[in-house]
Protein chains: 2
Amino acid sequence: MVTVSSRRRPGRPAGGKQVVDRELVLDAAERSIRRDGPLVSLEAIALEAGVTKPVIYARIGGRTELSNALSARLADRIVQSVLSAIADQPVGRSALVLFLAANLETVAANRELFLYVTGGSSDDSPQRSLYLASQSAAPLAAQLSQWRADTGHNPAVGEAWSYAIIGMLQLTSLWWLNQVELTAQGLAEQLAELLWSGLRTPPVA
Amino acid sequence: MVTVSSRRRPGRPAGGKQVVDRELVLDAAERSIRRDGPLVSLEAIALEAGVTKPVIYARIGGRTELSNALSARLADRIVQSVLSAIADQPVGRSALVLFLAANLETVAANRELFLYVTGGSSDDSPQRSLYLASQSAAPLAAQLSQWRADTGHNPAVGEAWSYAIIGMLQLTSLWWLNQVELTAQGLAEQLAELLWSGLRTPPVA
DNA sequence: GGGTAAACGTACTGTAGGTACGTATGCGCT
DNA sequence: AGCGCATACGTACCTACAGTACGTTTACCC
């Protein structure tokens, strides 16, 4: 039985082309998340995109894939922001501060998206959290290993260290987003101090 | 309408006492998670505990509270394991290795629980992830601030640093749980190298 | 011994993810 | 030009699960 409603009738739309493409669906998902929080339903996202649920499934492929796609978006923004921040900077403490600050600022600029991605409510959040991290971690690991090799150290630690640094940023960001009295610069300085000099700070003279 | 089934009839059980208490429910939840993964339903957990859903609500208070309680359990195990590992150890690099190794080993021993807690599928995973972290972070922050003050440094970094270290461990653990060719000791050494000496490793002579 | 409160299971509701199916439209083929 | 087929989409449905209202049984206490 098909109920004829007053809404748009089903069928192929004018032009023979898709009403929305994958990117527009993701845009709609981002808007929905920003407006309604990380718990938006797929139906609300579909409504925001001007289509219905099955279209989301055709373009994206379900809740898990949607989360992955949004993770990839956020990771890409972070990587881009970081890369442009440290472009042409020599390796050193000041470059590290720039790296951290760019990361934190991008997270803050995408607050709801970050909360959705790190917390989400998919069926495999841990794997997705790792998936997000791996996107940022891969280039970082290459950089770290290269630098370690150049300075005559063991480059094998690069992979673990990259996950360590990303994880540090991830949880610190989560904590920081609930703080008010701390700027991205200030936090970046604190983290740089730990990452650059380590806990083994010699006693002050 | 009440259907009389062949199962246990409703009513107060023998003894006038509760069939299960809060801890037994949490035990059942842990078993269910270990057996069926992080996606177990409350009904499955109730079945495992030998009761029904409303009892879960009476003892715990819903999915969010269950997740929080399990987070607290895991955090407590980690903190206990860490404390007993570094008891009577002087602050230094070797104590740091013990701290990290104990943390990693406890996570590995509670693999499914860790995945549930860090990934979960509650309505506020980010906040819970932060909640879990804060339980481990609080004592660590106190230690760090104290130590910084003792050595004549700025103790204000303690809080951020504790979240940084916990976050580092959290994501690194997630990554590590999917690796096979790396022992807890080996990873602990790598992380200790980063945390103790920092990236600013002087060029080898 | 009867009333009351504790304890619990049954059965329901609401919501959200995922899917089967029917319908409208455009393109190509004859 | 007209007919068929593939494409694109909405309607309506199913299922699973979190959360809850209500009735029933049992123990305790006066």
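Just so it is clear: chains get the letters A, B, ... in the order the sequence lines come, proteins before strands, and each one is counted from 1.
- No more than 12 heavy atoms of other residues, nucleotides or ligands sit less than 6.0 Å from atom CD of B/E43.
- Between A/R59 and A/E65 there is no salt bridge, since none of the side-chain N atoms of the basic residue sits less than 4.0 Å from a carboxylate O of the acidic one.
- If you measure from atom CG of B/L66 to atom C1' of D/dA18, you get 12 Å, rounded to the nearest angstrom.
- Here C/dA7 presents its P atom at 7 Å from CZ of B/R59, a figure rounded to the nearest Å.
- Nearest to the side chain of B/R63, among D/dA8, D/dT11, D/dA18, sits D/dA18.
- The distance between atom CD1 of A/I45 and atom C1' of C/dA16, rounded to the nearest whole Å, is 12 Å.
- Following rounding to the nearest Å, A/D36 (CG) and C/dA16 (P) show an atom-to-atom distance of 11 Å.
- Atom-to-atom, CD of A/E43 to P of D/dA12 comes out at 12 Å; the value is rounded to the nearest Å.
- Taking the side chain as every heavy atom from C-beta outward, A/W161 and B/L199 approach each other to under 4.5 Å.
- Of the candidate nucleotides D/dG10, C/dG9, D/dG19, C/dG9 has the atom lying nearest to any side-chain atom of B/T52.
- Atom pair B/I56:CD1 and D/dT20:C1' shows a separation of 15 Å (rounding to whole Å applied).
- Considering only side-chain atoms of B/L42, the nucleotide from C/dA16, D/dA18, C/dG9 that sits closest is D/dA18.
- The side chain of B/V55 lies closest to C/dG9 when the candidates are D/dT11, C/dG9, C/dG17.
- Contact annotation: side chain of A/K53 to base of C/dG18, donor-acceptor pair present below 3.5 Å.
- Taking atom CG on B/L39 and atom C1' on C/dG17, their separation rounds to 13 Å, with Å as the unit.
- Between D/dG19, D/dC9, C/dG9, one nucleotide has an atom nearer to the side chain of B/Y57 than all others, and that is D/dG19.
- Contact of the A/R31 side chain with the A/E112 side chain is not registered, since no non-hydrogen atoms from C-beta on lie closer than 4.5 Å.
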